[in-house]
Amino acid sequence: MHEFQKIHYVLLKQHGPQRWWPLNGKYTGKSRLSDEEKFEICVGAILTQNTSWKNVEKALCNLQKAELLKCEKIANSKREVIAALIRPTGYFNQKAKKLQLFSVHVQKRGLQAMFNQPLQKLREELLSLWGIGPETADSIILYAAQKPIFVIDAYTRRIFSRLGYCREDCVYDDLQRLLMASLPMDVKLFKEYHALIVEHAKVCCTKNNVLSDKCILKVHNLNSHNPNKIKCLPNS
DNA sequence: CGCCAGGGCCTCA
DNA sequence: TGAGGCCATGGC
């Protein structure tokens, strides 16, 4: 078994199934999603940019209560109305713009038509939108469109850099290629793996806490990887 | 008070 | 391409 699969197994054993993506506060982990649910995931993916999920939940709740958590509603509302509702997530002016540009695009394009494309086509289309970067695009692809791609975020970089596989400031696509090269293209695996990374980072791999002794990855000696053996990700 | 949180865009060299 | 500034709230 490759080490990346072993790490997933160990994290799963410690933290249990995460059942992402959370939908209106609940973790169901279901794979059949309505268009409304898919859209809600997209909204959450945008709102959680550099923001704790707690604050995103408040914003989603506000949108829900105002009955604006729908593509057409967000697309046709006033910018200030959206901004006020998503205020708890911070960057509310920018994010209101991002949500509206995304919603207008989806409205014109059609969610199904977009998501039915091959993965790379979908990724290019998402990345062409203002406000959608690689992590947000990949979160949408994996959790909303349910196509196999590994989401890289600050937690992923932190954990895998501390395990010796990359630099903490490594290039997004480089780390993504490294991880995906040794894992089966499995949507459920990628969903759970990413969720487990987030959970693990929150619980015992925080910024100021470098692989503590209670960290299961350290216990299993999975941090013995030598970056000189397998080529450390080039940053330049 | 400071740091951090499931980033991304813009500018400038 | 890369470093640095900017966006901004809430929890601890």
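Note that the structure is predicted; figures quoted are calculated from it, not measured.
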Requested in this report: Can you label the angle between the A:Phe160 ring and the A:Phe150 ring as parallel, tilted or perpendicular, going by 30° and 60°?
Outcome: perpendicular

Query raised in the report: When rounded to the nearest Å, what value does the distance between C1' atoms of C:dA3 and B:dA5 take?
Result: 22 Å

Query raised in the report: In whole Å, what separates the P atom of B:dC10 from that of C:dA8?
Result: 14 Å

Just to be sure I understand the rule, does [X] reach a base, reach only the sugar-phosphate, or reach nothing, if contact means heavy atoms closer than 4.0 Å?
{"X": "A:Glu135", "result": "sugar-phosphate"}
{"X": "A:Arg157", "result": "nothing"}
{"X": "A:Thr136", "result": "sugar-phosphate"}
{"X": "A:Gly90", "result": "base"}
{"X": "A:Ile197", "result": "nothing"}

For atom [atom1] of [X] and atom [atom2] of [N], their distance in whole Å:
{"X": "A:Tyr172", "N": "B:dG8", "atom1": "OH", "atom2": "P", "value": "7 Å"}
{"X": "A:Arg87", "N": "C:dC7", "atom1": "CZ", "atom2": "C1'", "value": "13 Å"}
{"X": "A:Phe92", "N": "B:dG8", "atom1": "CZ", "atom2": "P", "value": "20 Å"}
{"X": "A:Lys95", "N": "B:dA5", "atom1": "NZ", "atom2": "P", "value": "14 Å"}
{"X": "A:Asp169", "N": "B:dG7", "atom1": "CG", "atom2": "P", "value": "16 Å"}
{"X": "A:Ile46", "N": "C:dC7", "atom1": "CD1", "atom2": "C1'", "value": "16 Å"}
{"X": "A:Leu99", "N": "B:dG8", "atom1": "CG", "atom2": "C1'", "value": "14 Å"}
{"X": "A:Asn93", "N": "C:dC7", "atom1": "CG", "atom2": "P", "value": "10 Å"}

Query raised in the report: Do other residues, nucleotides or ligands put more than 12 heavy atoms under 6.0 Å from A:Glu67 CD?
Result: no

Query raised in the report: Got a sec: does the CZ of A:Arg109 have more than 12 other heavy atoms crowding it under 6.0 Å?
Result: yes

Query raised in the report: Counting N and O atoms only, with roles assigned by atom type, does the side chain of A:Ser103 sit under 3.5 Å from a partner on the main chain of A:Leu99, one being a donor and the other an acceptor?
Result: yes

Query raised in the report: When you measure from the side chain of A:Thr48 to the backbone N and O of A:Ala45, does any donor-acceptor pair fall under 3.5 Å?
Result: no

**Report entry** Ring centers of A:Phe4, A:Tyr193 separated by less than 6.0 Å
**Finding:** no

Report summary line: Result for 5'-nearest mapping on DNA chain B, choosing between A:Ile132 and A:Arg158, is A:Arg158

Query - Nearest-neighbour nucleotide for the A:Lys207 side chain, B:dA5, C:dG10, B:dC10 considered - result: B:dA5

**Report entry** Options C:dA8, B:dC4, B:dG8, nucleotide nearest the side-chain atoms of A:Lys98
**Finding:** B:dG8

Query - Any A:Gln107 side-chain heavy atom under 4.5 Å of A:Glu72 side chain - result: yes

Query raised in the report: For C:dA8, does either OP1 or OP2 sit under 4.0 Å from a side-chain N or O belonging to A:Asn50?
Result: no

Polar contact flag, side-chain donor to acceptor under 3.5 angstrom, [X]-[Y]:
{"X": "A:Thr51", "Y": "A:Lys95", "value": "yes"}
{"X": "A:Asn24", "Y": "A:Glu40", "value": "no"}
{"X": "A:Gln146", "Y": "A:Ser31", "value": "no"}

**Report entry** For DNA chain C, stems built from three or more consecutive Watson-Crick or G-U wobble pairs below 3.5 Å
**Finding:** B:2-5 with C:9-12, B:7-13 with C:1-7

Query raised in the report: Going by number, which of residues 54-64 of chain A have a non-hydrogen atom under 4.0 Å from DNA chain C?
Result: A:Asn55, A:Lys58

